[in-house]
2 protein chains.
Amino acid sequence: MGKEVLSEETIEVLRNPPLQDAARTITDGLRSHRTLLIIGNCRVDYQGRASSKLKPGDRMVIIKRDGSVLVHRPTGYDPVNWQPPGCKLQAYTEKGNLIVRAVRERPRETITIQFNKLYLLTSMALIDRGEFSLYASEEDMQRAVLLHPDLIEEGFKPITYEKKVEPGFIDVYGMDRDGRLVIVEIKRGTAGREAVLQLAKYIGSVKGEVNREVRGILAAPQLAKGAQKMLITLGLEYKRLDPKRCAELLRRSSVRKISEFL
Amino acid sequence: MGKEVLSEETIEVLRNPPLQDAARTITDGLRSHRTLLIIGNCRVDYQGRASSKLKPGDRMVIIKRDGSVLVHRPTGYDPVNWQPPGCKLQAYTEKGNLIVRAVRERPRETITIQFNKLYLLTSMALIDRGEFSLYASEEDMQRAVLLHPDLIEEGFKPITYEKKVEPGFIDVYGMDRDGRLVIVEIKRGTAGREAVLQLAKYIGSVKGEVNREVRGILAAPQLAKGAQKMLITLGLEYKRLDPKRCAELLRRSSVRKISEFL
DNA sequence: CGTGCCAGGTGCCAT
DNA sequence: ATGGCACTTGGCACG
(Lines give C-alpha, C1' and ligand atoms only; values in the text may rest on other atoms or scores of the structure.)
Protein backbone atom coordinates (compact mmCIF):
# COMPACT_ATOMS: atom_id res chain seq x y z
CA MET A 1 0.00 0.00 0.00
CA GLY A 2 1.68 3.23 -1.13
CA LYS A 3 1.59 6.27 1.06
CA GLU A 4 -0.28 9.12 -0.55
CA VAL A 5 1.17 12.55 -0.02
CA LEU A 6 -0.48 15.75 -1.08
CA SER A 7 1.63 17.74 -3.49
CA GLU A 8 2.18 21.37 -2.63
CA GLU A 9 0.33 22.57 -5.69
CA THR A 10 -2.91 21.02 -4.54
CA ILE A 11 -3.17 23.36 -1.58
CA GLU A 12 -3.60 27.04 -2.26
CA VAL A 13 -3.38 29.57 0.52
CA LEU A 14 -4.37 33.24 0.29
CA ARG A 15 -3.71 35.55 3.21
CA ASN A 16 -5.93 38.60 3.59
CA PRO A 17 -7.08 38.29 -0.01
CA PRO A 18 -9.14 41.00 -1.69
CA LEU A 19 -12.72 39.80 -1.70
CA GLN A 20 -12.86 39.79 -5.48
CA ASP A 21 -9.92 37.39 -5.67
CA ALA A 22 -11.46 35.29 -2.95
CA ALA A 23 -14.74 35.01 -4.83
CA ARG A 24 -12.89 33.78 -7.90
CA THR A 25 -10.84 31.23 -5.97
CA ILE A 26 -13.93 29.95 -4.19
CA THR A 27 -15.91 29.66 -7.39
CA ASP A 28 -13.04 27.74 -8.98
CA GLY A 29 -12.75 25.55 -5.93
CA LEU A 30 -16.46 24.77 -5.95
CA ARG A 31 -16.36 23.81 -9.60
CA SER A 32 -13.48 21.40 -9.05
CA HIS A 33 -14.95 20.08 -5.79
CA ARG A 34 -12.07 21.13 -3.63
CA THR A 35 -12.25 21.55 0.11
CA LEU A 36 -12.48 25.22 1.01
CA LEU A 37 -11.61 26.88 4.25
CA ILE A 38 -12.58 30.49 4.78
CA ILE A 39 -11.59 32.42 7.86
CA GLY A 40 -12.81 35.94 8.27
CA ASN A 41 -15.32 38.35 9.72
CA CYS A 42 -18.85 37.61 8.64
CA ARG A 43 -22.54 37.67 9.43
CA VAL A 44 -24.78 34.70 8.70
CA ASP A 45 -28.43 34.35 7.86
CA TYR A 46 -30.35 31.11 7.77
CA GLN A 47 -33.82 30.50 6.43
CA GLY A 48 -35.40 27.08 6.36
CA ARG A 49 -37.16 24.80 8.80
CA ALA A 50 -36.34 27.50 11.30
CA SER A 51 -34.45 30.74 10.76
CA SER A 52 -31.57 32.47 12.44
CA LYS A 53 -29.43 35.56 12.41
CA LEU A 54 -25.83 35.80 13.47
CA LYS A 55 -24.25 39.21 13.86
CA PRO A 56 -20.68 39.91 12.69
CA GLY A 57 -17.71 38.12 14.19
CA ASP A 58 -14.68 36.03 13.27
CA ARG A 59 -15.55 32.55 12.07
CA MET A 60 -14.20 29.56 10.26
CA VAL A 61 -16.22 28.28 7.35
CA ILE A 62 -15.59 24.84 5.90
CA ILE A 63 -17.01 23.91 2.55
CA LYS A 64 -16.52 20.27 1.74
CA ARG A 65 -16.50 18.73 -1.68
CA ASP A 66 -19.78 16.94 -1.08
CA GLY A 67 -21.47 20.29 -0.62
CA SER A 68 -21.64 20.35 3.15
CA VAL A 69 -21.03 23.67 4.86
CA LEU A 70 -20.01 24.34 8.44
CA VAL A 71 -19.79 27.73 10.11
CA HIS A 72 -17.79 27.50 13.30
CA ARG A 73 -17.38 30.10 16.01
CA PRO A 74 -14.19 30.12 18.12
CA THR A 75 -15.94 28.10 20.83
CA GLY A 76 -18.29 25.16 21.04
CA TYR A 77 -18.60 21.72 19.55
CA ASP A 78 -21.54 22.55 17.30
CA PRO A 79 -21.37 24.66 14.19
CA VAL A 80 -23.46 27.79 14.69
CA ASN A 81 -24.84 27.44 11.19
CA TRP A 82 -24.47 24.65 8.66
CA GLN A 83 -25.76 22.86 5.65
CA PRO A 84 -25.68 19.06 5.30
CA PRO A 85 -24.07 17.40 2.24
CA GLY A 86 -25.61 17.91 -1.16
CA CYS A 87 -26.41 21.59 -1.24
CA LYS A 88 -25.76 23.98 -4.10
CA LEU A 89 -23.20 26.71 -3.54
CA GLN A 90 -22.28 30.01 -5.08
CA ALA A 91 -19.87 32.81 -4.22
CA TYR A 92 -19.77 36.39 -5.42
CA THR A 93 -19.06 39.92 -4.27
CA GLU A 94 -21.78 42.45 -3.67
CA LYS A 95 -21.42 45.95 -2.30
CA GLY A 96 -17.89 45.26 -1.22
CA ASN A 97 -18.78 42.08 0.61
CA LEU A 98 -18.10 38.47 -0.23
CA ILE A 99 -21.29 36.46 -0.24
CA VAL A 100 -21.30 32.70 0.04
CA ARG A 101 -24.72 31.16 -0.34
CA ALA A 102 -25.60 27.52 0.18
CA VAL A 103 -29.02 26.24 -0.81
CA ARG A 104 -30.52 22.88 -0.01
CA GLU A 105 -33.67 21.50 -1.59
CA ARG A 106 -36.08 19.31 0.34
CA PRO A 107 -36.34 20.79 2.76
CA ARG A 108 -35.71 24.14 1.15
CA GLU A 109 -33.09 25.84 3.26
CA THR A 110 -30.68 28.63 2.60
CA ILE A 111 -27.72 29.95 4.47
CA THR A 112 -26.10 33.18 3.42
CA ILE A 113 -22.67 34.09 4.69
CA GLN A 114 -21.56 37.68 4.22
CA PHE A 115 -17.88 38.42 4.72
CA ASN A 116 -16.57 41.93 5.11
CA LYS A 117 -12.98 40.79 5.63
CA LEU A 118 -11.05 37.60 4.94
CA TYR A 119 -8.01 36.63 6.96
CA LEU A 120 -7.31 33.37 5.22
CA LEU A 121 -8.65 31.41 2.31
CA THR A 122 -7.51 27.89 1.60
CA SER A 123 -8.48 25.74 -1.33
CA MET A 124 -7.42 22.13 -1.02
CA ALA A 125 -7.58 18.80 -2.81
CA LEU A 126 -7.50 16.55 0.22
CA ILE A 127 -7.18 12.81 -0.22
CA ASP A 128 -8.69 10.65 2.46
CA ARG A 129 -9.38 7.00 1.85
CA GLY A 130 -8.55 5.91 5.39
CA GLU A 131 -10.90 3.29 6.76
CA PHE A 132 -12.89 4.22 9.84
CA SER A 133 -14.01 1.60 12.31
CA LEU A 134 -16.04 2.13 15.43
CA TYR A 135 -16.08 -0.48 18.12
CA ALA A 136 -18.46 -1.02 20.94
CA SER A 137 -17.67 0.23 24.39
CA GLU A 138 -17.29 -2.12 27.30
CA GLU A 139 -20.69 -1.01 28.49
CA ASP A 140 -22.11 -2.03 25.14
CA MET A 141 -20.51 -5.44 25.44
CA GLN A 142 -22.01 -5.83 28.87
CA ARG A 143 -25.42 -4.96 27.51
CA ALA A 144 -25.00 -7.44 24.71
CA VAL A 145 -24.14 -10.21 27.15
CA LEU A 146 -27.17 -9.44 29.30
CA LEU A 147 -29.37 -9.44 26.24
CA HIS A 148 -27.81 -12.58 24.72
CA PRO A 149 -26.28 -14.60 27.54
CA ASP A 150 -25.44 -17.34 25.07
CA LEU A 151 -22.57 -15.11 23.99
CA ILE A 152 -20.87 -16.43 27.11
CA GLU A 153 -22.14 -20.00 26.86
CA GLU A 154 -25.32 -21.93 26.28
CA GLY A 155 -27.56 -21.94 29.30
CA PHE A 156 -25.87 -19.03 31.06
CA LYS A 157 -28.33 -16.96 33.06
CA PRO A 158 -27.30 -13.51 34.33
CA ILE A 159 -28.42 -12.57 37.83
CA THR A 160 -26.90 -9.12 38.28
CA TYR A 161 -24.55 -6.71 36.62
CA GLU A 162 -22.07 -4.35 38.26
CA LYS A 163 -22.43 -6.38 41.47
CA LYS A 164 -20.45 -4.80 44.26
CA VAL A 165 -17.94 -7.03 45.99
CA GLU A 166 -14.99 -6.13 48.14
CA PRO A 167 -12.39 -5.52 45.42
CA GLY A 168 -14.74 -3.72 43.03
CA PHE A 169 -17.65 -4.37 40.66
CA ILE A 170 -18.36 -7.62 38.87
CA ASP A 171 -19.30 -6.95 35.25
CA VAL A 172 -21.83 -9.76 35.00
CA TYR A 173 -22.79 -12.23 37.71
CA GLY A 174 -24.92 -15.26 36.89
CA MET A 175 -25.43 -19.00 36.84
CA ASP A 176 -24.52 -21.69 34.36
CA ARG A 177 -26.79 -24.47 33.12
CA ASP A 178 -25.75 -26.67 36.04
CA GLY A 179 -26.53 -24.07 38.66
CA ARG A 180 -22.93 -23.07 39.35
CA LEU A 181 -22.21 -19.42 40.00
CA VAL A 182 -20.39 -17.61 37.20
CA ILE A 183 -18.46 -14.39 37.30
CA VAL A 184 -17.84 -12.74 33.94
CA GLU A 185 -15.18 -10.11 33.46
CA ILE A 186 -15.47 -8.23 30.18
CA LYS A 187 -12.65 -6.48 28.37
CA ARG A 188 -13.05 -4.45 25.22
CA GLY A 189 -9.50 -4.96 24.06
CA THR A 190 -6.89 -7.65 24.44
CA ALA A 191 -7.16 -9.01 27.97
CA GLY A 192 -3.87 -9.10 29.80
CA ARG A 193 -2.68 -10.51 33.10
CA GLU A 194 -4.24 -7.61 34.91
CA ALA A 195 -7.71 -8.62 33.75
CA VAL A 196 -7.10 -12.19 34.90
CA LEU A 197 -6.00 -10.91 38.26
CA GLN A 198 -9.09 -8.77 38.55
CA LEU A 199 -11.28 -11.78 37.82
CA ALA A 200 -9.39 -13.91 40.31
CA LYS A 201 -9.92 -11.32 43.03
CA TYR A 202 -13.67 -11.27 42.44
CA ILE A 203 -13.81 -15.02 42.59
CA GLY A 204 -11.93 -15.07 45.85
CA SER A 205 -14.28 -12.52 47.29
CA VAL A 206 -17.44 -14.33 46.21
CA LYS A 207 -16.13 -17.73 47.31
CA GLY A 208 -15.55 -16.26 50.72
CA GLU A 209 -19.19 -15.26 50.89
CA VAL A 210 -21.08 -18.19 49.41
CA ASN A 211 -18.83 -21.17 50.11
CA ARG A 212 -19.53 -23.07 46.92
CA GLU A 213 -18.02 -23.51 43.49
CA VAL A 214 -17.59 -20.32 41.47
CA ARG A 215 -16.53 -20.26 37.82
CA GLY A 216 -14.71 -17.29 36.34
CA ILE A 217 -14.92 -16.38 32.68
CA LEU A 218 -12.87 -13.71 31.01
CA ALA A 219 -14.69 -12.39 27.95
CA ALA A 220 -12.64 -10.37 25.50
CA PRO A 221 -11.84 -10.20 21.80
CA GLN A 222 -8.35 -11.50 22.42
CA LEU A 223 -6.11 -12.93 25.09
CA ALA A 224 -2.58 -11.76 25.69
CA LYS A 225 0.05 -14.52 25.75
CA GLY A 226 0.91 -14.35 29.41
CA ALA A 227 -2.73 -14.07 30.34
CA GLN A 228 -3.59 -17.47 28.90
CA LYS A 229 -1.00 -19.22 31.03
CA MET A 230 -2.21 -17.41 34.10
CA LEU A 231 -5.85 -18.28 33.37
CA ILE A 232 -5.03 -21.97 33.14
CA THR A 233 -2.97 -21.88 36.30
CA LEU A 234 -5.81 -20.27 38.21
CA GLY A 235 -8.43 -22.58 36.74
CA LEU A 236 -10.27 -19.79 35.00
CA GLU A 237 -11.82 -19.74 31.54
CA TYR A 238 -11.76 -17.60 28.45
CA LYS A 239 -14.55 -16.81 26.04
CA ARG A 240 -13.92 -14.88 22.86
CA LEU A 241 -16.26 -11.88 22.64
CA ASP A 242 -16.08 -9.55 19.69
CA PRO A 243 -16.99 -5.92 20.35
CA LYS A 244 -18.12 -5.44 16.79
CA ARG A 245 -20.53 -8.36 17.01
CA CYS A 246 -21.85 -7.03 20.30
CA ALA A 247 -22.48 -3.69 18.70
CA GLU A 248 -24.37 -5.34 15.86
CA LEU A 249 -26.53 -7.35 18.22
CA LEU A 250 -27.40 -4.23 20.16
CA ARG A 251 -28.24 -2.35 17.02
CA ARG A 252 -30.79 -5.02 16.13
CA SER A 253 -32.34 -5.15 19.55
CA SER A 254 -34.48 -2.24 20.63
CA VAL A 255 -33.67 -2.53 24.32
CA ARG A 256 -31.68 0.50 25.34
CA LYS A 257 -31.72 0.89 29.07
CA ILE A 258 -29.46 -1.50 30.83
CA SER A 259 -31.93 -1.63 33.71
CA GLU A 260 -34.60 -3.25 31.54
CA PHE A 261 -32.82 -6.56 31.34
CA LEU A 262 -33.25 -8.29 34.63
CA MET B 1 -20.47 50.10 18.21
CA GLY B 2 -17.04 49.91 16.67
CA LYS B 3 -16.16 47.27 14.14
CA GLU B 4 -13.49 44.90 15.39
CA VAL B 5 -10.90 43.84 12.88
CA LEU B 6 -8.32 41.20 13.51
CA SER B 7 -4.80 42.49 13.17
CA GLU B 8 -2.48 40.53 10.93
CA GLU B 9 -0.18 39.57 13.76
CA THR B 10 -2.91 37.66 15.53
CA ILE B 11 -3.05 35.08 12.79
CA GLU B 12 -0.01 32.93 12.21
CA VAL B 13 0.23 30.65 9.21
CA LEU B 14 2.81 27.93 8.66
CA ARG B 15 2.91 26.05 5.37
CA ASN B 16 4.35 22.54 5.37
CA PRO B 17 6.02 23.16 8.71
CA PRO B 18 8.50 20.69 10.20
CA LEU B 19 6.62 18.72 12.84
CA GLN B 20 8.91 19.98 15.60
CA ASP B 21 8.04 23.59 14.78
CA ALA B 22 4.40 22.66 14.57
CA ALA B 23 4.46 21.06 18.01
CA ARG B 24 5.94 24.23 19.46
CA THR B 25 3.42 26.50 17.77
CA ILE B 26 0.54 24.30 18.87
CA THR B 27 1.78 24.15 22.45
CA ASP B 28 2.10 27.94 22.49
CA GLY B 29 -1.34 28.30 20.95
CA LEU B 30 -2.89 26.00 23.54
CA ARG B 31 -1.33 27.93 26.37
CA SER B 32 -2.65 31.24 25.08
CA HIS B 33 -6.05 29.75 24.18
CA ARG B 34 -5.83 30.52 20.51
CA THR B 35 -7.87 28.80 17.84
CA LEU B 36 -5.77 26.21 16.03
CA LEU B 37 -6.29 24.75 12.63
CA ILE B 38 -4.21 21.81 11.55
CA ILE B 39 -4.40 20.33 8.09
CA GLY B 40 -2.37 17.29 7.29
CA ASN B 41 -2.14 13.55 6.94
CA CYS B 42 -2.99 11.74 10.14
CA ARG B 43 -4.42 8.69 11.83
CA VAL B 44 -6.79 8.98 14.78
CA ASP B 45 -7.52 6.76 17.74
CA TYR B 46 -10.38 7.21 20.13
CA GLN B 47 -10.96 5.42 23.42
CA GLY B 48 -13.89 6.17 25.66
CA ARG B 49 -17.56 5.28 25.79
CA ALA B 50 -16.79 3.45 22.58
CA SER B 51 -13.55 3.24 20.67
CA SER B 52 -12.54 3.86 17.10
CA LYS B 53 -9.67 3.72 14.71
CA LEU B 54 -9.18 5.89 11.66
CA LYS B 55 -6.46 4.96 9.21
CA PRO B 56 -4.26 7.61 7.59
CA GLY B 57 -5.69 10.30 5.36
CA ASP B 58 -5.87 14.07 4.89
CA ARG B 59 -7.96 15.82 7.53
CA MET B 60 -8.70 19.17 9.05
CA VAL B 61 -8.40 19.43 12.79
CA ILE B 62 -9.89 22.37 14.66
CA ILE B 63 -8.89 23.05 18.22
CA LYS B 64 -10.95 25.76 19.79
CA ARG B 65 -9.99 27.87 22.75
CA ASP B 66 -12.55 26.23 25.00
CA GLY B 67 -10.80 22.92 24.49
CA SER B 68 -13.13 21.40 21.94
CA VAL B 69 -11.57 19.38 19.16
CA LEU B 70 -13.01 18.48 15.78
CA VAL B 71 -11.47 16.12 13.26
CA HIS B 72 -13.06 16.58 9.86
CA ARG B 73 -12.69 14.44 6.78
CA PRO B 74 -13.11 16.03 3.34
CA THR B 75 -16.74 14.89 3.24
CA GLY B 76 -19.68 14.72 5.61
CA TYR B 77 -21.40 16.98 8.07
CA ASP B 78 -20.20 15.17 11.18
CA PRO B 79 -16.67 15.23 12.50
CA VAL B 80 -15.25 11.73 12.28
CA ASN B 81 -13.74 12.17 15.74
CA TRP B 82 -14.10 14.90 18.27
CA GLN B 83 -13.90 16.06 21.84
CA PRO B 84 -16.46 18.39 23.46
CA PRO B 85 -15.38 21.61 25.18
CA GLY B 86 -13.32 21.38 28.32
CA CYS B 87 -10.81 18.70 27.52
CA LYS B 88 -7.09 18.84 28.25
CA LEU B 89 -4.73 19.02 25.30
CA GLN B 90 -1.11 18.39 24.62
CA ALA B 91 1.08 18.29 21.52
CA TYR B 92 4.51 16.77 21.02
CA THR B 93 6.60 14.88 18.50
CA GLU B 94 7.39 11.21 18.83
CA LYS B 95 9.25 8.98 16.40
CA GLY B 96 9.03 11.62 13.70
CA ASN B 97 5.27 12.10 14.12
CA LEU B 98 3.31 14.97 15.59
CA ILE B 99 0.97 13.74 18.30
CA VAL B 100 -1.99 15.77 19.46
CA ARG B 101 -3.82 14.23 22.37
CA ALA B 102 -7.07 15.44 23.88
CA VAL B 103 -8.32 13.98 27.13
CA ARG B 104 -11.70 14.46 28.72
CA GLU B 105 -12.56 13.44 32.25
CA ARG B 106 -16.01 12.21 33.19
CA PRO B 107 -16.51 10.30 31.11
CA ARG B 108 -12.87 9.46 30.63
CA GLU B 109 -12.22 9.72 26.92
CA THR B 110 -9.12 10.19 24.87
CA ILE B 111 -8.48 10.98 21.28
CA THR B 112 -5.01 10.72 19.84
CA ILE B 113 -4.19 12.30 16.52
CA GLN B 114 -0.95 11.27 14.89
CA PHE B 115 0.28 13.39 12.00
CA ASN B 116 3.01 12.22 9.66
CA LYS B 117 2.81 15.37 7.51
CA LEU B 118 1.37 18.84 7.95
CA TYR B 119 0.24 20.93 5.01
CA LEU B 120 -0.92 23.91 6.97
CA LEU B 121 -0.94 25.08 10.54
CA THR B 122 -2.81 28.17 11.61
CA SER B 123 -2.86 29.73 15.04
CA MET B 124 -5.45 32.46 15.46
CA ALA B 125 -6.87 34.86 17.99
CA LEU B 126 -10.40 35.10 16.66
CA ILE B 127 -12.83 37.60 18.11
CA ASP B 128 -16.48 36.77 17.94
CA ARG B 129 -19.01 38.52 20.09
CA GLY B 130 -21.77 38.47 17.48
CA GLU B 131 -25.17 37.73 18.90
CA PHE B 132 -26.97 34.66 17.62
CA SER B 133 -30.73 34.43 17.50
CA LEU B 134 -32.83 31.51 16.41
CA TYR B 135 -36.46 31.80 15.43
CA ALA B 136 -39.22 29.25 15.04
CA SER B 137 -37.91 26.95 17.73
CA GLU B 138 -40.26 24.96 19.92
CA GLU B 139 -39.80 27.61 22.56
CA ASP B 140 -41.08 30.22 20.11
CA MET B 141 -44.12 28.07 19.45
CA GLN B 142 -44.78 27.82 23.16
CA ARG B 143 -44.48 31.59 23.55
CA ALA B 144 -46.80 32.14 20.62
CA VAL B 145 -49.43 29.86 22.14
CA LEU B 146 -49.22 31.67 25.46
CA LEU B 147 -49.54 35.01 23.71
CA HIS B 148 -52.25 33.87 21.31
CA PRO B 149 -54.05 30.93 22.93
CA ASP B 150 -56.55 30.91 20.06
CA LEU B 151 -53.81 29.21 18.06
CA ILE B 152 -54.90 26.11 19.95
CA GLU B 153 -58.62 26.81 19.90
CA GLU B 154 -61.04 29.59 20.60
CA GLY B 155 -61.56 30.17 24.27
CA PHE B 156 -58.45 28.30 25.38
CA LYS B 157 -56.92 29.85 28.50
CA PRO B 158 -53.39 28.86 29.54
CA ILE B 159 -52.76 28.37 33.23
CA THR B 160 -49.11 27.31 33.35
CA TYR B 161 -46.28 26.29 31.09
CA GLU B 162 -43.56 23.70 31.72
CA LYS B 163 -45.69 22.33 34.55
CA LYS B 164 -43.87 19.57 36.37
CA VAL B 165 -45.74 16.29 36.64
CA GLU B 166 -44.44 12.84 37.43
CA PRO B 167 -43.31 11.75 33.99
CA GLY B 168 -41.85 15.12 32.95
CA PHE B 169 -42.90 18.63 31.94
CA ILE B 170 -46.16 19.73 30.34
CA ASP B 171 -45.54 22.27 27.59
CA VAL B 172 -48.75 24.24 28.15
CA TYR B 173 -51.45 23.53 30.69
CA GLY B 174 -54.77 25.33 30.57
CA MET B 175 -58.53 25.28 30.36
CA ASP B 176 -60.95 25.23 27.46
CA ARG B 177 -64.02 27.43 27.09
CA ASP B 178 -66.10 24.87 28.98
CA GLY B 179 -63.75 24.73 31.94
CA ARG B 180 -62.18 21.40 31.06
CA LEU B 181 -58.50 20.96 31.71
CA VAL B 182 -56.31 20.89 28.61
CA ILE B 183 -52.79 19.59 28.20
CA VAL B 184 -50.94 20.80 25.12
CA GLU B 185 -47.86 19.06 23.82
CA ILE B 186 -45.95 21.03 21.21
CA LYS B 187 -43.65 19.62 18.54
CA ARG B 188 -41.79 21.75 16.03
CA GLY B 189 -41.49 18.94 13.49
CA THR B 190 -43.63 16.06 12.39
CA ALA B 191 -45.13 14.54 15.52
CA GLY B 192 -44.68 10.78 15.74
CA ARG B 193 -45.91 8.10 18.07
CA GLU B 194 -43.43 9.12 20.68
CA ALA B 195 -45.03 12.55 20.98
CA VAL B 196 -48.47 10.97 21.39
CA LEU B 197 -47.10 8.68 24.06
CA GLN B 198 -45.59 11.65 25.87
CA LEU B 199 -48.93 13.44 25.84
CA ALA B 200 -50.75 10.33 27.03
CA LYS B 201 -48.37 9.97 29.95
CA TYR B 202 -49.00 13.53 31.08
CA ILE B 203 -52.74 13.04 30.85
CA GLY B 204 -52.59 9.89 32.90
CA SER B 205 -50.56 11.67 35.51
CA VAL B 206 -52.85 14.69 35.73
CA LYS B 207 -56.01 12.56 35.74
CA GLY B 208 -54.58 10.67 38.69
CA GLU B 209 -54.25 13.96 40.54
CA VAL B 210 -57.40 15.91 39.76
CA ASN B 211 -59.98 13.21 39.06
CA ARG B 212 -61.81 15.04 36.31
CA GLU B 213 -61.90 15.18 32.56
CA VAL B 214 -58.61 16.13 30.91
CA ARG B 215 -58.24 16.85 27.20
CA GLY B 216 -54.96 16.31 25.39
CA ILE B 217 -53.98 18.30 22.32
CA LEU B 218 -50.93 17.61 20.21
CA ALA B 219 -49.86 20.77 18.41
CA ALA B 220 -47.45 20.32 15.53
CA PRO B 221 -47.02 21.27 11.89
CA GLN B 222 -47.65 17.70 10.82
CA LEU B 223 -48.73 14.34 12.11
CA ALA B 224 -46.96 11.09 11.22
CA LYS B 225 -49.25 8.38 9.94
CA GLY B 226 -48.91 5.96 12.84
CA ALA B 227 -49.35 8.85 15.24
CA GLN B 228 -52.78 9.78 13.92
CA LYS B 229 -54.15 6.30 14.54
CA MET B 230 -52.71 6.27 18.00
CA LEU B 231 -54.19 9.69 18.82
CA ILE B 232 -57.67 8.53 17.86
CA THR B 233 -57.33 5.32 19.81
CA LEU B 234 -56.32 7.20 22.92
CA GLY B 235 -59.04 9.84 22.47
CA LEU B 236 -56.58 12.69 22.01
CA GLU B 237 -56.70 15.60 19.60
CA TYR B 238 -54.49 17.28 17.05
CA LYS B 239 -54.10 20.94 16.18
CA ARG B 240 -51.97 22.06 13.28
CA LEU B 241 -49.42 24.64 14.41
CA ASP B 242 -46.74 26.06 12.17
CA PRO B 243 -43.42 27.10 13.73
CA LYS B 244 -42.80 29.80 11.15
CA ARG B 245 -46.23 31.34 11.71
CA CYS B 246 -45.57 31.35 15.44
CA ALA B 247 -42.28 33.15 14.92
CA GLU B 248 -44.07 35.67 12.73
CA LEU B 249 -46.65 36.37 15.40
CA LEU B 250 -43.93 36.87 17.98
CA ARG B 251 -42.05 39.31 15.78
CA ARG B 252 -45.11 41.50 15.59
CA SER B 253 -45.60 41.44 19.31
CA SER B 254 -42.88 43.02 21.38
CA VAL B 255 -43.26 40.67 24.31
CA ARG B 256 -40.03 38.75 24.71
CA LYS B 257 -39.93 37.34 28.18
CA ILE B 258 -42.01 34.25 28.53
CA SER B 259 -42.64 35.09 32.17
CA GLU B 260 -44.59 38.22 31.23
CA PHE B 261 -47.55 36.31 29.93
CA LEU B 262 -49.33 34.89 32.91
C1' DC C 1 -39.83 8.61 -0.59
C1' DG C 2 -41.80 8.78 4.64
C1' DT C 3 -41.31 6.72 9.39
C1' DG C 4 -38.82 5.09 13.02
C1' DC C 5 -34.73 4.76 15.80
C1' DC C 6 -29.81 5.47 17.26
C1' DA C 7 -25.91 8.61 18.41
C1' DG C 8 -19.15 8.30 21.52
C1' DG C 9 -25.18 12.22 20.13
C1' DT C 10 -24.63 17.64 22.33
C1' DG C 11 -26.63 21.31 24.87
C1' DC C 12 -29.62 23.49 28.20
C1' DC C 13 -31.85 23.78 32.38
C1' DA C 14 -34.11 21.59 36.23
C1' DT C 15 -33.76 19.41 40.99
C1' DA D 1 -24.07 14.93 39.62
C1' DT D 2 -28.68 13.21 37.47
C1' DG D 3 -32.94 13.68 34.80
C1' DG D 4 -35.84 15.26 31.27
C1' DC D 5 -35.95 16.91 26.62
C1' DA D 6 -35.16 19.83 22.32
C1' DC D 7 -32.25 19.90 18.15
C1' DT D 8 -32.28 23.57 11.38
C1' DT D 9 -30.70 17.47 15.24
C1' DG D 10 -27.97 14.10 11.25
C1' DG D 11 -27.61 9.44 9.94
C1' DC D 12 -29.18 4.84 8.62
C1' DA D 13 -32.15 1.00 7.98
C1' DC D 14 -36.55 -0.45 6.37
C1' DG D 15 -41.44 -0.76 4.51
Side-chain angles (χ1 to χ4, degrees), chain A residues 44-54 68-71 75-87 102 104 106-111 132-140 188 243 247-248 250-257, chain B residues 44-52 66 68-71 76-87 102 104-111 132 134-142 162-171 185-195 197-198 201-202 220 222-230 243-244 247:
Chain A
V44 186
D45 276 81
Y46 154 72
Q47 289 278 343
R49 289 164 293 180
S51 62
S52 72
K53 275 186 196 307
L54 177 62
S68 39
V69 180
L70 305 167
V71 182
T75 59
Y77 163 84
D78 284 316
V80 59
N81 282 108
W82 70 91
Q83 205 68 281
C87 72
R104 170 197 193 184
R106 212 157 23 265
R108 177 79 180 189
E109 301 200 283
T110 308
I111 84 174
F132 177 71
S133 15
L134 180 67
Y135 304 96
S137 60
E138 197 172 296
E139 191 188 334
D140 285 341
R188 181 189 43 210
E248 270 165 32
L250 285 182
R251 208 164 304 137
R252 271 200 282 276
S253 135
S254 60
V255 185
R256 299 305 304 162
K257 289 260 168 35
Chain B
V44 187
D45 277 80
Y46 153 73
Q47 292 276 340
R49 287 165 292 181
S51 64
S52 71
D66 59 1
S68 40
V69 180
L70 305 168
V71 182
Y77 162 84
D78 283 315
V80 59
N81 282 110
W82 70 90
Q83 206 65 282
C87 72
R104 171 196 193 184
E105 312 281 349
R106 218 159 18 265
R108 177 79 181 189
E109 302 200 281
T110 307
I111 83 175
F132 177 72
L134 178 70
Y135 310 95
S137 60
E138 187 178 306
E139 194 187 333
D140 275 1
M141 294 173 74
Q142 196 183 49
E162 295 297 333
K163 176 185 168 67
K164 175 92 184 81
V165 290
E166 190 27 59
F169 297 85
I170 295 173
D171 285 340
E185 172 64 29
I186 299 174
K187 283 282 169 267
R188 73 169 307 286
T190 304
R193 277 195 293 263
E194 202 175 3
L197 217 60
Q198 212 175 330
K201 278 195 304 184
Y202 297 153
Q222 215 180 336
L223 208 51
K225 206 156 55 182
Q228 175 155 31
K229 223 169 184 171
M230 201 171 179
K244 300 292 268 291

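All chains are named by letter (A, B, ...) in the order of the sequence lines, taking the proteins before the strands, and each is independently numbered beginning at 1. None of the values given here were measured: they were computed from a predicted structure.
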A.B. asks: Taking the P atom in each of dG8(C) and dC5(D), what is the distance between them to the nearest angstrom?
C.D. replies: 23 Å
A.B. asks: Please identify each residue that fulfils salt bridge (Lys or Arg N to Asp or Glu O under 4.0 Å) with R106(A), with sequence neighbours left out.
C.D. replies: none
A.B. asks: Provide, to the nearest angstrom, the distance between the CE atom belonging to M230(B) and the P atom belonging to dG4(C).
C.D. replies: 10 Å
A.B. asks: Roughly, in whole Å, what's the span from CZ in R193(B) to P in dG2(C)?
C.D. replies: 17 Å
A.B. asks: With sequence neighbours excluded, what pairs up with D78(A) under the side chain to side chain donor-acceptor pair (under 3.5 Å) test?
C.D. replies: none
A.B. asks: Taking CG from D78(B) and C1' from dT9(D), how many angstroms apart are they, rounded to a whole number?
C.D. replies: 10 Å
A.B. asks: Would you give a per-nucleotide map of nucleotides 2-8 of chain D, 5' to 3', where B means the base has a protein non-hydrogen atom under 4.0 Å away, S means only the sugar-phosphate does, and - means neither?
C.D. replies: --SSSSB
A.B. asks: Taking salt bridge (Lys or Arg N to Asp or Glu O under 4.0 Å) as the definition, give me every residue that meets it alongside K225(B), ordered by chain and number, with sequence neighbours left out.
C.D. replies: none
A.B. asks: Check salt bridge (Lys or Arg N to Asp or Glu O under 4.0 Å) between R104(A) and all other residues, then give those that pass, not counting sequence neighbours.
C.D. replies: E109(A)
A.B. asks: Have a look at P79(B) and say if it touches a base, only the backbone sugar-phosphate, or nothing, with a 4.0 Å heavy-atom cut-off.
C.D. replies: nothing
A.B. asks: Taking only residues two or more places apart in sequence, or in another chain, which ones meet E138(B) in a salt bridge (Lys or Arg N to Asp or Glu O under 4.0 Å)?
C.D. replies: none
A.B. asks: Please say whether more than 12 non-hydrogen atoms of neighbouring residues, nucleotides or ligands are located less than 6.0 Å from CD in E194(B).
C.D. replies: no
A.B. asks: Find which nucleotide of DNA chain C each of R106(A) and G192(B) is nearest to by heavy atoms, and output the residue with the more 5' nucleotide.
C.D. replies: R106(A)
A.B. asks: To the nearest Å, how far apart are Y77(B) OH and dA7(C) P?
C.D. replies: 17 Å
A.B. asks: Taking dC5(C) as the reference, what is the distance to dT8(D) when you measure between their P atoms (whole Å, please)?
C.D. replies: 22 Å
